[in-house]
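Have a look at the structure below, then the notes.
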Amino acid sequence: MKNELLLTAEGVTKSFDGFKAIDDLNFYLDKGELRTIIGPNGAGKSTFLDLITGRTRPDAGIIEFRGTRLTSLREYEIYRLGIGRKFQTPSVYNDHTVYENILLGLEGPRGVWASLFHRTTPAQNDRIHDVLATIGLDAKANQKAGLLAHGQKQWLEIGMLLAQNAELLLVDEPAAGMSDEETEKTGELLLRLAGKHTILVIEHDMVFVRQLGSKVTVLHQGHVLCEGSLDHVQNDERVIQVYLGRKGKAAHAAN
Ligand code: ADP
Ligand code: MG
């Protein structure tokens, strides 16, 4: 089967006060693909997501989604095209139930109040329960989101992206702060969603990256240093050099 490109970034550059956080970046993602981006802190990973979602604008280069140029669109227009983002720290509505959080995802950010004061349609209700089943939180539907465990909040936020009907899911360091068991369940969830959705995951935890088993892009100083299987990039001399002497989980990339 021929691969269909979903997201294209070419020659993308973004400077902050003269510092190039993203430097002539070229990046290509196929429809249905699961891709993992790794790279040291400050490599520009989150900035790349900011550029895709329209949170920041590039100084140069193009980013296209399904052939639509994103760089001239506003953040909500990009969101409506079907690009959903999960930030590093979960941002669910703690005072609302798990069910209501998914409902809010369904309606989009503009419908927050409207959706809470209207009766949900049977179709909406089915859809909400489908999403809750997918993320494994159906039994918690009526519980306040604030009472969920950290991992469950992350899954709820992924569920909100599913409710939003996002075709492309941008997931920034989902395993951060998770237990090993939660991390593994998160991997299983993303693997289940891949294919139906296109998923871009940023991650440091190499056990998790291995579980995902996807093609890996190594970002360094805002540029793609190396791409390929995890084994391929871990054996690349340049990647080893970049990670040498670094502490923490990311250092395992050089192992
Ligand atoms: P990563 O996610 O790979 O750790 P980031 O994309 O967060 O890296 O950051 C890349 C570089 O860009 C860092 O040096 C960071 O300080 C800088 N940066 C990111 N966003 C901004 C911003 N809004 N203003 C100024 N500097 C920024
Ligand atoms: Mg980051």
Side-chain angles (χ1 to χ4, degrees), residues 7 9-29 34-63 65 70-71 73-76 78-79 83-91 150-151 153-154 157-158 161 168-178 183 186-187 190 199-209 212 214-228 230 233-234 236 238-254:
L7 184 81
E10 281 179 338
V12 176
T13 298
K14 176 69 190 177
S15 300
F16 295 108
D17 303 321
F19 170 77
K20 283 187 176 169
I22 296 291
D23 188 6
D24 192 22
L25 180 71
N26 296 317
F27 183 86
Y28 305 89
L29 193 63
L34 170 64
R35 177 79 62 89
T36 312
I37 297 185
I38 64 170
N41 279 331
K45 304 181 297 295
S46 298
T47 303
F48 182 41
L49 299 193
D50 289 343
L51 291 166
I52 296 171
T53 58
R55 201 170 191 231
T56 20
R57 307 218 163 254
D59 303 325
I62 58 137
I63 303 177
F65 174 71
L70 300 183
T71 31
L73 299 182
R74 292 174 184 278
E75 219 171 341
Y76 75 87
I78 294 173
Y79 171 95
I83 299 181
R85 178 186 193 170
K86 214 202 79 44
F87 285 91
Q88 265 168 262
T89 42
S91 54
H150 173 74
K153 281 188 186 174
Q154 302 271 25
E157 211 183 345
I158 291 172
L161 303 184
L168 174 61
L169 308 180
L170 307 172
V171 190
D172 202 348
E173 300 196 24
M178 280 190 180
T183 301
T186 304
L190 294 177
I199 309 178
L200 185 54
V201 189
I202 292 175
E203 194 44 66
H204 277 297
D205 180 335
M206 287 303 144
V207 175
F208 182 64
V209 174
L212 295 179
S214 75
K215 181 171 170 183
V216 174
T217 297
V218 184
L219 206 65
H220 176 53
Q221 295 176 348
H223 195 79
V224 174
L225 185 68
C226 179
E227 257 176 0
L230 181 58
V233 303
Q234 282 187 321
D236 186 286
R238 295 162 304 172
V239 176
I240 294 169
Q241 285 303 322
V242 163
Y243 278 104
L244 263 186
R246 290 187 59 83
K247 293 191 169 64
K249 280 179 171 177
H252 293 297

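All values reported here derive from a predicted model rather than from experimental measurement. One-based numbering, in listed order, for ligands and for the atoms of each.
- With hydrogens left out, the protein atom closest to atom 17 (C) of ligand 1 is F16 CD1, 3.9 Å, a heavy atom.
- K20 and S15 make their closest contact through CG-OG, 3.4 Å (heavy atoms, listed as atom of the first residue, atom of the second, distance).
- Counting heavy atoms closer than 4.0 Å to ligand 1, residue F48 contributes nothing at all.
- Using a 4.0 Å cut-off to heavy atoms of A21, the atoms of ligand 1 that qualify are 11 (C), 12 (O).
- In terms of modelled atom types and a separation under 3.5 Å, the side chain of D23 and the main chain of T13 share no donor-acceptor contact.
- Distance alone, capped at 3.5 Å, places no donor-acceptor pair between the K45 side chain and the I38 backbone.
- Of all protein heavy atoms, the one closest to atom 14 (O) of ligand 1 is F19 CE2, 3.4 Å.
- When all heavy atoms of A175 and T183 are compared, the pair lying nearest together is CB-CG2, 3.7 Å.
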Applying side chain to side chain contact (heavy atoms under 4.5 Å, CB included), run through R85 and L49 and close with a yes or a no.
CA-CA 8 Å; R85 178 186 193 170; L49 299 193; 3.6 Å; yes
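- Within the structure, ligand 1 has G44 among the residues with a heavy atom less than 4.0 angstrom away.
- Protein heavy atom at the shortest distance from atom 7 (O) of ligand 1 is S46 CB, 3.8 Å.
- Judged purely by atom type and a 3.5 angstrom limit, H220 has no side-chain atom pairing as donor or acceptor with the backbone of V239.
- In this structure, atom 6 (O) of ligand 1 lies nearest to the protein heavy atom T47 OG1, 2.6 Å.
- Between E75 and T53 the shortest heavy-atom distance is CG-O, 3.1 Å.
- In this structure, the protein non-hydrogen atom closest to atom 4 (O) of ligand 1 is G42 N, 2.8 Å.
- Contact between E203 and T36 at its shortest, heavy atoms only, is CB-CG2, 4.3 Å.
- Heavy atoms only, all atoms of each residue included: T186 and P174 are closest at CG2-CB, 4.1 Å.
- The minimum heavy-atom distance linking G228 with V233 is given by the pair N-CG1, 3.8 Å.
- Within the 3.5 Å criterion, the main-chain N or O of T71 finds a donor-acceptor partner in the side chain of R57.
- Protein heavy atoms are found less than 4.0 angstrom from atom 24 (N) of ligand 1.
- Residue-and-atom listing of protein N/O/S atoms under 2.8 Å from the Mg ion (ligand 2), sorted by chain and number: S46 OG.
- Near N41, the atoms of ligand 1 lying under 4.0 angstrom from a non-hydrogen atom of the residue are 4 (O).
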